[in-house]
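I have placed the structure first, in the form of structure tokens, so that the comments after it can refer back to it.
First the proteins, then the strands, lettered A, B, ... as listed; each starts at 1.
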Amino acid sequence: MAMDKTFDAKTAEARIYEMWENAGAFKAGANASRDETFCIQLPPPNVTGHLHVGHAFNHTLMDILTRWKRMQGYDTLWQPGLDHAGIATQLMVEKELAETQQPKRTEMGREKFLEKVWEWKAAKGGMIEQQARRLGDSMDWSRSAFTMSGAESAPATEKDGNFHDAVLKVFVQMYNDGLIYRGKRLVNWDPHFETAISDLEVENIEVDGHMWHFKYPLAGGETYEYVEKDEDGNVTLRETRDYISIATTRPETMLGDGAVAVHKDDERYAPIVGKLCEIPVGPKEQRRLIPIITDPYPDMNFGSGAVKITGAHDFNDYEVAKRGGIPMYSLMDTKGAMRADGAPYLEEAEVAQRIANGEETFDEAMIAAMNLVPEEYRGLDRFEARKKVVEDITAEGNAVMHDVTRTEKDEDGNKVEVTETVPYVENKKIMQPFGDRSKVVIEPALTDQWFVDTSKIVGPALEAVKTGRTKIMPESGEKVFYHWLENIEPWCISRQLWWGHQIPVWYGLDLGVEDEHNPSGDLDEVEILGLLLEGIVHRGNVMHCAPDFESVKSAFVFDNADTPSPISHAKVVEVADKAEAIERFSAGLAAYNVTQDPTKLEFPVWRDPDVLDTWFSSGLWPFGTLGWPEDTPELAKYFPGDVLITGQDILFFWVARMMMMSQAVLKDDPFHTVYLHQLVRDAKGEKMSKTRGNVIDPLDMIDEYGADALRFSNAQMAALGGVLKISEDRIKGYRNFGTKLWNAFGLAVHPDYQVPYPGDATLPKPNTTLNKWIIGETAKVREEVDAALTAYRFNDAANALYAFTWGKVCDWYLEFSKPLLKGDDEAVKLETQQTLRWVLDQCLILLHPIMPFITEELWGLADNRAKMLVHADWPAYTAAELIDADADREMNWVIDLIDNTRSARAQSHVPAGAKVPLVVMGLDDKGQSAWDNNHVLIQRLARIESLTAVDAFPKGCVTIPMDGGTFGLPLADLIDVPEEIARLEKTLQKLAKELGGLRGRLNNPKFVASAPDEVVAEAKENLALREGEEAQIKAAIARLKEIG
RNA sequence: GGGUGAUUAGCUCAGUUGGUAGAGCGCUUCCUUUACACGGAAGAUGUCGGGAGUUCGAGCCUCUCAUCACCCA
């Protein structure tokens, strides 16, 4: 077998991956030799997604665990799949439609648009699955799941799957259990995508903003004494005011104010609480007056202490408005422009005034329909409206003014001070919410949405972590988890999108014909006309939830059984929306009216147009991927899974939701361990971003250095809870490590050594110290790796293997074995060949989970293998079995002697290539035997010509202190005496420091009394060794000084 | 404002019940020695952010200050 100079990752990786995949090496249960299962659910990437460094990182960890367990014979499944990613995908397709001059989404309609999305998915979706293969991911691709599989809109060409069934089933179940409800609430509204988004999809960013100060005049020109006091109660300002001063960062929302709130303890405003003030904007003839109320929310020390309350446009105000029964007027449309619908402002304002005066009652629906935007602002974008509101108020003199003095140069160039009275506008940093995808300012909006009553299902998830059933790593994640779940908000699950699982709820017209008003149960002509005239439009809807239209029909039929005949017999039909329903219903009634034929009557129902939040479906991932709600063997076998590995940023987005949903649906935890990692950053620790230009593409790294190098780097930086900084230098370093391993095999196949490689190596029983020693070292590292991986300490596993492979096997074992392999002792030669082969095989096996490609390639170099490396048996030998303590001690002594000799040589400027004689003084039996056993190796690696035992060192001898004897290099006149003295004294200084510490401790009676025995014993032993060394060096210095 | 984490060699980071500091990269010197220059050999570098405390002993535990990062208001 001949080898190339280096591993050619570029061509080999694709070839090897294909080999694995074709052999079905990653299929669920492949290589299983025991019943225990090991299952990891891949956090499903967006169908639009590409492999970035974060994926590359956590995929590496998942793959390491999966490959490791598979080699151990577990029944293993790494479940892949894709998330349909509502907003991201819809956006992507809309963008493409625009670029290719196709009709817009709204122009082509829902059905056609969904076709386009599926087409896009088939053509361009799921790129990441190909990219993941390049990383070496050992997922069972045949099981790849999709969170929209089985949807009504899915074309026949799509792969089978029933995720949609799972989603609808869970929705219906939770709806029936009262865990899901519909309601009008303030939600984060994205004016770009025109949909509600979750608060987790909002980024709060500090931006430069303004705080305007306006006067809200008191109704009827009333006045009051406005008094300000300092901390000691001294009056600092007293004036008569006919207004209340309001500070706001969002003047355009003034139009929707329902009240002004002050703190109940705020003495400044006590005289005017309960009175009305005027919103100083809009047509003069109908200025709205709103009450001044008290509420705990206003901060007396912030701004003027008075807060305008716009319940429909601010989360804090919303709470105040709810508490105070203040109407919440919506001002904007779905695009964030000022509303242009509804009645003229004057009419609306009049109604609003009657409400404010307490002359008229109101309900939610009525308030929602009202548009309090004056005509001159209607249709304006919210930011334009803001500008205009500020201008208008300022022009009318209702802005709070202050004096600003600045220095200017007059015509002659002299500096003069100019004082102006200008509106008081503070420039300040404000936190503004932005959509994490759209990047536009999020508008709190009062809309009808569906919610999961999370507080009702959070219990078991919390308990899972509290009782330790589910462990979050690192532990700090648990605190964060508790904090969030204990303060959980209702989860808004509806999205105003088309791409997603459409909510399985149908609405029908509320006929509401009550029995007492119609005791006969018959609907006569007058009543039919009444239904029409009364305007079904203004009546509410009835709704039912079921997985599909057929199942929901019966619910409506049942409802209508109470209605008078012949309506009770009306056929339930599905229509697009309420408008069409009214039309169809009216038409049916009219036809019945003419023909008296009850079959003409139809009861039209329409489906909720909204879709479910993507995270609702991904919350079902742990069991939806396994075939639930079908009762599949995979579900029985692989649920619950074992460990979830994901970025800590989606602990709430996803992890908590999977835990809640699994418990809500299957009454079980989805996994026992959650491994959270931080964001992967660049080498400087900065977030990667396109604008910064510091994005590292993992595929570039794979192209350049190979997947194994990237994977090793990922494993190496995976310290629990650590900051992840990806560095190209490091990746390069691990590429070099791969080459080192490659070349280790190069030695075995080298013509000088010709280690035969017939097939799988078996554990040899050698006689030589060297071979015994390396077998023990191998057992040690196997234990280290298993312990590290068991504890999810990937960095420890990687580092242990690096140190073993390079630092032990390559640096020492291979070098030592060379003379034996070329020697004349056939028995030694044979056992060394066997041991070498075995050790190299162990390197491949143990490294395979981290570096699968190069190890599989090297594995294939042997003539005859039982299995591919991907399915090779993971070893179970222990250090206790395989370590030979004598061999261990002896080899460490040998290595020490070589190290010390080399060091002495280098520092004495002995030419690197020169072979020199070695002398020794007072060598004890152990030392002698160690020398005798290993002198060939020592002489070769330390470039020693011969060893001579002497009673006294010759003149000019470099000293090498060792446990069991003092060695020396007789360099005669070559030696620079002062330099050698300096070298020894330096060593002595270091030694003195150590000795000081050791003696200090041992002389302290408290230490000896209170420290554990083994620590004391170790210190004593150490002290003895160091003292011996010190004596040797002191003697050496004395000798040199005599010469000098 | 609340929470979490960080601060260790020039750089990037490890350091698992407290026992006296490590790795990779980089740097300096030497070596084209028969697996490997993507290499080998040797070497230098740290009052472990500051201060205080507990302890025989603190990078590790407690308190405090400083700086930074992230998350949530």
Look at A:Arg793 and B:G15 and indicate whether a side-chain polar atom (N or O) is within less than 4.0 Å of OP1 or OP2.
-> yes

Rounded to whole angstrom units, what separation is found between the CH2 atom of A:Trp806 and the P atom of B:G40?
-> 5 Å

Below 3.5 Å, does any donor atom in the side chain of A:Glu815 face an acceptor in the base of B:A35, or the other way round?
-> yes

Can you find a donor-acceptor N/O pair under 3.5 angstrom joining the side chain of A:Arg735 to the base of B:C38?
-> yes

5' precedence on RNA chain B between A:Val1008 and A:Arg902 (nearest-nucleotide basis) | A:Arg902

By nearest-nucleotide position on RNA chain B, the 5'-leaning member of A:Arg1001 and A:Gln907 is A:Arg1001

Report yes if a side-chain nitrogen or oxygen of A:Lys818 is closer than 4.0 Å to either non-bridging phosphate oxygen (OP1 or OP2) of B:U34; otherwise report no.
-> no

For A:Ser1010, answer base if it contacts any base atom (sugar-phosphate contacts may also be present), sugar-phosphate if it contacts only those atoms, and nothing otherwise; contact means non-hydrogen atoms under 4.0 Å.
-> base

Can a side chain N or O of A:Ser903 be found less than 4.0 Å away from OP1 or OP2 on B:G43?
-> yes

Any side-chain N or O of A:Lys915 less than 4.0 Å from the OP1 or OP2 oxygen of B:U33?
-> no

With a 4.0 Å cut-off on heavy atoms, is A:Pro911 in touch with a base, just the backbone sugar-phosphate, or nothing at all?
-> nothing

May I ask you to verify if any side-chain N or O of A:Asn736 is less than 4.0 angstrom from the OP1 or OP2 atom of B:G39?
-> yes

Looking across every strand, which nucleic acid part, if any, lies under 4.0 Å from A:Lys990 by heavy atom: base, sugar-phosphate, or nothing?
-> sugar-phosphate

Return no unless some side-chain N or O of A:Lys5 is found under 4.0 Å from OP1 or OP2 of B:C38.
-> no

Examine B:A35: is either OP1 or OP2 under 4.0 Å from a nitrogen or oxygen in the side chain of A:Lys822? Give yes or no.
-> no

Step through the shown structure and confirm whether more than 12 heavy atoms of other residues, nucleotides or ligands are within 6.0 Å of NZ on A:Lys466.
-> yes

